[in-house]
Q: 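Have a look at the structure that comes next, please.
Chain identifiers are assigned alphabetically (A, B, ...) following the order of the sequence lines, protein sequences preceding nucleic acid strands; residue numbering begins at 1 within each chain.
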Amino acid sequence: MDMKETEPDTNTAMPKAFDPKAIEAGWYARWESDGLFVADAHSKKPKYAICLPPPNVTGELHMGHALNHTMQDIIARYRRMAGYEVLYLPGTDHAAIATQNVIEKQLAVEGTTKEQMGRPAFAARVDQWYRDVGATMVSQDRILGVSLDWSRLRFTMDPKYMRSVMTAFVAFYERGWIYRAPRIVNWCPHDLSAISDLEVDWQVHQDTLYYIKYPVQEGGEIIVATVRPETMLVDTGVAVNPTDERYRSLIGKTAILPLVGRKLPIVGDEAVDKNFGTGALKVTPGHDAMDYEIGQRHSLEIINGMHPDARMNVPGLPYDRLPALEARERVVADLKAQGFLVKQEPYTHEVGHCDRCHTVIEPLISDQWWLRMETMRDKALAASAAGKVRWHPERYERTYLDWLRGLRDWNIGRQLWLGHRVPVYYCENGHTTVSVEPPRECAECGSIKLTQDPDVLDTWFSSALWPFATLGWPEETDDLKAFYPTSMNSTAREIINLWVSRMIMTGLEFMGEVPFSDVAIHCVVQANDGRRMSKSLGTGVDPRDLIDRYGTDAVRAWAASVAMSSQDVRFDESRVEGYRRFCNKLWNATRLVLSSPGSPTAVVPGTLEVHEHLEDRWITSRLMYACSAVTAGIEDFEFQDSMAAAYSFAWNELCDWYLEAAKERLRAGDPTAQDVAYFCLDTVLRVLHPFMPFLTEELWSRTPGHLDYLMLAPWPEPDGRFVDLDAEESFGEVMTIVEEVRAQRQAAGAPPRGGSLHLDQPIDRAVATLAARLAWVELVDEMEGGTALASVPARVTFPSGSGDNRASEAKREAERTRLKLDLAKSEGQLANPQFLEKAPPEIVRKLEDRAAELRAAIDRLE
RNA sequence: GGGCGGCUAGCUCAGUUGGAAGAGCGCCAGCUUGACAUGCUGGAGGUCGGGGGUUCGAAACCCUCGCCGCCCACCA
């Protein structure tokens, strides 16, 4: 924007328009350098703690971060103002598998691979990345105005944090919950690692279902169906449902595997679905989880038919070392040639992909580290039953509990190049030593020739410890004592099970208490066409672009207004723009009040008597309402309600009505008007500060008597003395009259100001004078003709057009029709005896009042 | 396969115990009104996804169907 447009006004020294860029960085730097974000573990105040969900150090702040960090910062700032000692702790996550993939992609662009670089060079590259990108992500939260305690910045690969991770591993190991065992796992052929069930991304595939004939040794044949014919090469059985009449006689017989010749026992197993395919299942225990279990039940042989890179491992067969898909084609061709392929049909199903590199997952047998979850699961279930964790919205508690109830052992080992190495050491004599610090010698035989297990831990293993590892656990630090359990956690619903559930379990296990009492799940922002926001689809919106164009406060206000409002929301830029206008509106409202002459009489706004003027009584009453509504919205995690209440108060009540009503008094330096205006501004800036920290701090600093920070100002408590329902009712009448006169004026084509209002019957004098003033008409004692109003017994005339031209008459006619229609509806309902009998009396009375008003209005118009 | 959420004005969304349908944007008309044209004023626009039911009364509660989206799940 051209700065010339915003030249200072001589009266106020405030530019005409709010320019976010001019103030944001300055305020953040001042808050930070004055230590306003730093928590004091020794404070006597009640504590409120939030550990920022550590963003993966894989890139940049996205929309999810913007929503989540805004939400948390709203709460952190609110709690500080409300008298709490707030710890809002930042950090980042090394995100082993995700980071490895990001860096591998960069290497590919550079024409190299991590294998070519070797481990040490790759590790150095990763360290450099963590330093650079970690710094970038920190700066992004500063731009967002997030009041994080940077003195306590944590990283999951920090030496202290690693010690926490090792301690947890050893503790689990010593409880006997960690074990190593071969099982079917989700194997990613690209990352050459196992991943957990939760890291598998299921995608719909259009595939082919092949029906293959297996001859039976004792005579006849059995036909099986499969989408992965290449796996038949390592089939070790055929299964049918024991209740299936078609196949019952075959159980116990032997099938001959085509192309291979292996003898396959035919077994009966309940797991087989009679209605799928032919009802007969080829059993491949080495490459399918269900087959593995069937195999276990019937002691079938397990053959591993695949190398880690998804090439076939079938020595002696022509398919050996072929990639799975090529092998599939060859197998199908050979089956067809030899007459074993009965038929093939299109088949739609879901196929697991690695959620980080999107490679198709191959289920295969692998020796892995497992963590038993039973005890922790039971403690977590008990904690929920005891109401220790409140979910917002509540329905997500069930999502969490359902998953928890079906929980199985967690595969915590990964075969990646980066991450926390498993603290397990082997000696040359085959002994195992598990210890937090690298041991000097074998615990059993004293051998000093030790090698560490090559596996690293699942990233989520370390994230699971976040709420207490960041506070120093296992040391009994002051922070840990002061701030654990923390108060709230908020995140995206997709990691409820991956992360939130595991924090609850480890928190209960190691700290004996749930890690936080509230969990808030924010919505997902979709692209404006309803698709997922993603960089690769080109549907992403970068929060920094928005901040650039609309300012941080507008983006935060928007984030607050959508984050908890529903499950998903489509991105609508016009809403962000709307909040930018709101910022500007507040800016100019402040400018108006500041331009009133003299200095405010009241040192503390809101301390003068406000009885004299109706508008003063009204706006202060509305202020109390708005103030309570904003507070309730934050307390209830319904930030959209807070924003709506503050917005409509500030714009539709304070600016549209109060400032218009009090403008002349302000210009005249009326102390009460100034007091009320400053009171409203002061309060609304306070309650908006958590949502729009920069603008509110700037405006507050410009209003008289504010040398300190708004950020440190107390949260306003509604004062019952200002609640004035009579004033609200009277002012409501003013608004009705003013709006009707305005409408009549426009219908008459009259100029914006001028004209007369005559009361045919007396009404409240204060209402009449205020209404006349706001409607720009003169209250007169005598009047000939004129246009009758429906809302009050009064007539109005305007300078030119005099209120009786055709447009005006048409409008009056339409109004009469509408009123009559309404009256007919009301009377109809009042004529219904069942309504009179069964509806609550106050509802009946309300309707009667309304009918009476309608009749009066119709009379006036006729 | 199970579960959850959504379907309200042209668009994006509010509507908390059932008691006269709302906002922002867009649209139309009028305003260089001494805070703001990032503004002000007036206005048009909705049988609240379809169909049943409960009730004096349903956008809201129940049933059912239809789309859209998400989560969970070892049916080849």
Side-chain angles (χ1 to χ4, degrees), chain A residues 9 11-12 14 16-18 184 197-198 202 209 224-228 231 239 271-273 275-278 280-284 288-294 347 349-350 363 393 395-396 398-399 402-403 406 493-494 496-497 524 526 528 530-532 550 561-562 565-575 577-595 636 638 640-641 644 647-648 652 655-656 659-660 663 666-667 739 742-747 749 751-753 776 811 822 825-826 829 832-840 842-844 846-847 850:
Chain A
D9 183 294
N11 287 331
T12 63
M14 273 177 88
K16 227 174 142 181
F18 170 51
I184 286 269
D197 293 345
L198 288 173
W202 294 90
L209 187 62
V224 300
T226 180
V227 284
R228 292 193 301 158
T231 64
V272 179
D273 181 355
N275 300 317
F276 188 91
T278 60
L281 172 72
K282 63 188 264 312
V283 183
T284 321
D288 184 279
M290 187 173 87
D291 290 13
Y292 178 80
E293 289 182 9
I294 293 174
Y347 182 59
H349 67 145
E350 291 200 324
R395 65 173 181 275
Y396 287 116
R398 237 192 77 188
T399 306
D402 284 351
W403 179 80
R493 65 175 174 275
E494 64 179 0
I496 289 174
N497 297 329
V524 172
Q526 304 172 327
N528 55 13
R531 286 189 297 169
R532 202 183 174 80
Y550 301 108
S561 68
V562 301
S565 66
S566 66
Q567 181 166 289
D568 293 315
V569 67
R570 291 187 180 199
F571 180 66
D572 178 6
E573 193 165 316
S574 75
R575 290 180 74 174
E577 193 183 347
Y579 286 112
R580 182 189 64 171
R581 293 185 195 177
F582 181 53
C583 290
N584 193 56
K585 191 73 179 174
L586 288 169
W587 178 269
N588 277 290
T590 306
R591 214 156 69 94
L592 170 66
V593 177
L594 283 176
S595 72
D636 298 341
E638 303 281 358
Q640 66 281 6
D641 294 347
Y647 185 100
S648 69
N652 304 122
C655 291
D656 287 352
L659 292 181
E660 291 302 328
K663 212 178 241 179
L666 285 172
R667 276 196 206 116
E739 281 165 356
R742 282 174 183 160
Q744 292 293 352
R745 183 193 295 282
Q746 293 219 7
R753 294 180 180 188
W776 294 101
K811 184 168 176 55
D822 270 8
K825 250 167 75 180
S826 301
Q829 209 174 340
N832 180 351
Q834 282 178 308
F835 171 71
L836 296 174
E837 188 190 331
K838 295 191 177 173
E842 70 267 21
I843 296 294
V844 176
K846 249 175 90 178
L847 198 64
R850 172 166 171 71

Q: For B/A23, which nucleotide is its Watson-Crick or G-U wobble mate, given both distances must be under 3.5 Å?
A: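 Its partner is B/U12.
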
Q: Hey, does A/Arg667 reach any base, or is it just sugar-phosphate, or nothing, if we go heavy atoms under 4.0 Å?
A: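 If one applies the 4.0 Å heavy-atom cut-off, A/Arg667 turns out to touch the sugar-phosphate alone, with no base involved.
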
Q: Respond yes when some side-chain nitrogen or oxygen of A/Arg531 is under 4.0 Å from OP1 or OP2 of B/C68, and no when none is.
A: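 No, outside the criterion.
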
Q: Between B/C4 and A/Arg398, is there an OP1 or OP2 to side-chain N/O distance shorter than 4.0 Å?
A: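 Checking A/Arg398 against B/C4: at least one side-chain N or O falls below 4.0 Å of OP1 or OP2.
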
Q: Whether the side chain of A/Asn588 engages the backbone of A/Lys16 through a donor-acceptor N/O pair (distance < 3.5 Å, no angle test) should be reported.
A: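 Yes; judged by distance alone, with no hydrogens or angles, the pair exists.
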
Q: Using the P atom on both, measure B/C65 against B/G26 and round to a whole Å.
A: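 One P to the other, the span is 42 Å.
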
Q: Rounding to an integer number of angstrom, what distance separates B/G46 and B/G19 when you compare their P atoms?
A: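 Those two atoms are separated by 23 Å.
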
Q: Regarding B/C36, can its base be found pairing with the side chain of A/Lys585 as donor and acceptor, where the two atoms are less than 3.5 Å apart?
A: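 Flag set: donor-acceptor pair detected.
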
Q: OP1 or OP2 of B/A76 less than 4.0 angstrom from a side-chain nitrogen or oxygen of A/Thr284, does that happen here?
A: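 No, A/Thr284 has no side-chain N/O under 4.0 Å of OP1/OP2 on B/A76.
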
Q: Partner lookup for B/U33, please. Criteria are Watson-Crick or G-U wobble with both distances under 3.5 angstrom; report none if nothing qualifies.
A: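 Result: none.
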
Q: Taking for each residue the nucleotide of RNA chain B with the nearest heavy atom, is it A/Arg570 or A/Pro840 whose nucleotide lies nearer the 5' end?
A: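 Looking at RNA chain B, the more 5' nearest nucleotide goes with A/Arg570.
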
Q: May I ask which nucleotide in the shown strands pairs with B/C67, Watson-Crick or G-U wobble, both distances under 3.5 Å?
A: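 B/G6 - that is the nucleotide pairing with B/C67, both distances being under 3.5 Å.
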
Q: Give me the distance, rounded to whole Å, that separates B/G15 from B/C7 when you measure between the C1' atoms they each carry.
A: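 Looking at atom C1' only, B/G15 and B/C7 are 15 Å apart.
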
Q: For the residue pair A/Arg228 and A/Thr284, establish whether any side-chain heavy-atom pair is separated by less than 4.5 Å.
A: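 No, too far: nothing below the 4.5 Å cut-off.
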
Q: What distance, rounded to whole Å, do you find between the two C1' atoms, one in B/C11 and one in B/G1?
A: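 37 Å, rounded to whole Å.
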
Q: Is there a Watson-Crick or G-U wobble partner for B/C48 with both distances under 3.5 Å, and if so, which one is it?
A: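 B/C48 is unpaired by these criteria.
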
Q: Going 5' to 3' along nucleotides 27-32 of chain B, which nucleotides have protein heavy atoms under 4.0 Å from the base (write B), which only from the sugar-phosphate (write S), and which from neither (write -)?
A: ------

Q: Does any N or O donor sit under 3.5 Å from an N or O acceptor when you compare the side chain of A/Glu638 with the base of B/A14?
A: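 Side chain to base: no pair present.
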
Q: Report which part of the nucleic acid A/Thr590 touches: base, sugar-phosphate, or nothing (heavy-atom distance under 4.0 Å, all strands).
A: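 Counting heavy atoms under 4.0 Å across all strands, no contact is made by A/Thr590.
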
Q: Looking for any heavy atom pair under 4.0 Å, which part of the strands does A/Ala225 touch: base, sugar-phosphate only, or nothing?
A: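 Counting heavy atoms under 4.0 Å across all strands, the contact made by A/Ala225 includes a base.
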
Q: Expressed as a whole number of angstroms, how long is the span from A/Arg395:CZ to B/G69:C1'?
A: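 Taking atom C1' of B/G69 as the reference, CZ of A/Arg395 is at 12 Å.
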
Q: Ignoring backbone atoms, establish whether A/Tyr347 has a side-chain N or O less than 4.0 Å from OP1 or OP2 of B/A76.
A: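 Affirmative; the distance criterion is met.
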
Q: Please check: side-chain N/O of A/Arg745 versus main-chain N/O of A/Trp776, any donor-acceptor pairing under 3.5 Å?
A: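 Yes; judged by distance alone, with no hydrogens or angles, the pair exists.
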
Q: So, is A/Lys663 near the phosphate of B/A35, with a side-chain N or O under 4.0 Å from OP1 or OP2?
A: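 Looking at the OP1 and OP2 atoms of B/A35, one of them is under 4.0 Å from a side-chain N or O of A/Lys663.
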
Q: Under 4.0 Å, counting only non-hydrogen atoms across every strand here, what does A/Gln640 touch: a base, just sugar-phosphate, or nothing?
A: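 No contact at all - A/Gln640 keeps every heavy atom at 4.0 Å or more from the nucleic acid.
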
Q: Indicate yes or no: at least one non-hydrogen side-chain atom of A/Val844 is less than 4.5 angstrom from one of A/Leu836.
A: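 Side-chain contact under 4.5 Å: yes.
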
Q: Given B/C25, is OP1 or OP2 found less than 4.0 Å from the side-chain N or O atoms of A/Arg581?
A: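 Yes, because at least one side-chain N or O of A/Arg581 sits under 4.0 Å from OP1 or OP2 of B/C25.
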
Q: Give none if B/G42 has no partner; otherwise give the nucleotide forming a Watson-Crick or G-U wobble pair with it, both distances under 3.5 Å.
A: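 By the stated definition (distances under 3.5 Å), B/C28 pairs with B/G42.
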
Q: Look at the side-chain N and O atoms of A/Lys16 and state whether any lies under 4.0 Å from the OP1 or OP2 oxygen of B/U38.
A: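 Answer no for this pair, as no side-chain N or O of A/Lys16 is under 4.0 Å from OP1 or OP2.
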
Q: Under 4.0 angstrom, heavy atoms only, what part of the nucleic acid is A/Asp656 near: base, sugar-phosphate, or nothing?
A: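 It contacts sugar-phosphate atoms only.
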
Q: Within the structure shown, what part of the strands sits under 4.0 Å from A/Asp641 by heavy-atom distance: base, sugar-phosphate, or nothing?
A: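 Contact class for A/Asp641: none.
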
Q: Side chain of A/Met290 only, please: which of B/C74, B/C72, B/C56 is the nearest?
A: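 Minimum distance to the A/Met290 side chain belongs to B/C74.
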
Q: With sugar-phosphate meaning primed atoms plus P, OP1 and OP2, does A/Asp568 contact a base, only sugar-phosphate, or nothing at under 4.0 Å between heavy atoms?
A: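 Contact class for A/Asp568: sugar-phosphate only.
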
Q: Roughly how far apart, to the nearest Å, are B/C13 and B/G5 at atom C1'?
A: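 My reading of the C1' atoms in B/C13 and B/G5 gives 15 Å.
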
Q: Specify the residue among A/Thr226 and A/Leu198 whose closest nucleotide of RNA chain B lies further upstream toward the 5′ end.
A: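 It is A/Leu198, whose closest nucleotide lies nearer the 5' terminus.
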
Q: Work out how far the P atom of B/A60 is from that of B/G69, and round it to whole angstrom.
A: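 B/A60 and B/G69 have their P atoms separated by 25 Å.
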
Q: Have a look at A/Cys655 and say if it touches a base, only the backbone sugar-phosphate, or nothing, with a 4.0 Å heavy-atom cut-off.
A: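 The answer is base, as A/Cys655 lies within the cut-off (heavy atoms under 4.0 Å) of a base atom.
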
Q: Give the ring-plane orientation class for A/His349 versus A/Tyr347, where under 30° counts as parallel, over 60° as perpendicular and anything between as tilted.
A: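 Tilted: the ring planes of A/His349 and A/Tyr347 meet at 30° to 60°.
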
Q: The side chain of A/Gln834 lies closest to which of these nucleotides: B/C56, B/A76, B/G43?
A: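 The answer is B/C56.
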
Q: Over all strands shown, is A/Arg745 touching base, sugar-phosphate only, or nothing at heavy-atom distances under 4.0 angstrom?
A: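 Result for A/Arg745 = nothing.
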
Q: Would you mind reporting whether A/Tyr647 and A/Ser561 have side-chain heavy atoms less than 4.5 Å apart?
A: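 They are not in contact (no side-chain heavy atoms under 4.5 Å apart), so the answer is no.
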
Q: If you check every side-chain atom of A/Arg575, which of B/C71, B/G43, B/U12 has the closest atom?
A: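 Given the options B/C71, B/G43, B/U12, the side chain of A/Arg575 is closest to B/U12.
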
Q: Distance between the C1' atoms of B/G43 and B/U47, in whole angstroms?
A: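 After rounding to an integer number of Å, I get 23 Å for this pair.
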
Q: So what does A/Glu660 hit on the nucleic acid, given a heavy-atom distance under 4.0 Å: a base, only sugar-phosphate, or nothing?
A: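 It contacts base atoms.
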
Q: Kindly indicate, with the supporting measurements, whether the criterion side chain to side chain donor-acceptor pair (under 3.5 Å) is fulfilled by A/Arg581 and A/Asn584.
A: CA-CA 5 Å; A/Arg581 293 185 195 177; A/Asn584 193 56; over 6 Å; no

Q: Check the surroundings of atom CZ in A/Arg532: do more than 12 heavy atoms from other residues, nucleotides or ligands lie under 6.0 Å from it?
A: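 Counting other residues, nucleotides and ligands, CZ of A/Arg532 stays at 12 neighbours or fewer.
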
Q: Could you let me know what B/C61 is paired to, Watson-Crick or G-U wobble, both distances under 3.5 Å, or none if it's on its own?
A: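 Because both required distances fall under 3.5 Å, B/C61 counts as paired with B/G53.
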
Q: Taking the basic N atoms (NZ, or NE/NH1/NH2) and the acidic carboxylate oxygens, is any pair closer than 4.0 Å for A/Asp568 and A/Arg493?
A: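 Judged by the 4.0 Å cut-off on N to carboxylate O distance, A/Asp568 and A/Arg493 do form a salt bridge.
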
Q: Does A/Arg742 make a side-chain N or O approach to OP1 or OP2 of B/G42 shorter than 4.0 Å?
A: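 Yes, A/Arg742 has a side-chain N/O under 4.0 Å of OP1/OP2 on B/G42.
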
Q: Describe the nucleic acid contact of A/Val562 in one word from base, sugar-phosphate, nothing, applying a heavy-atom distance below 4.0 Å.
A: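 Touches nothing.
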
Q: Apply side chain to side chain contact (heavy atoms under 4.5 Å, CB included) to residues A/Asp641 and A/Asp636 and explain how you reach the verdict.
A: CA-CA 9 Å; A/Asp641 294 347; A/Asp636 298 341; over 6 Å; no

Q: Paired with B/G1: which nucleotide, if any, by Watson-Crick or G-U wobble criteria at under 3.5 Å for both distances?
A: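 Paired with B/G1, as far as the under-3.5 Å criterion goes, is B/C72.
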
Q: Should the pair A/Arg580-A/Glu577 be classified as a salt bridge under the 4.0 Å nitrogen-to-oxygen rule?
A: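 Counted as a salt bridge, because a side-chain N and a carboxylate O are separated by less than 4.0 Å.
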
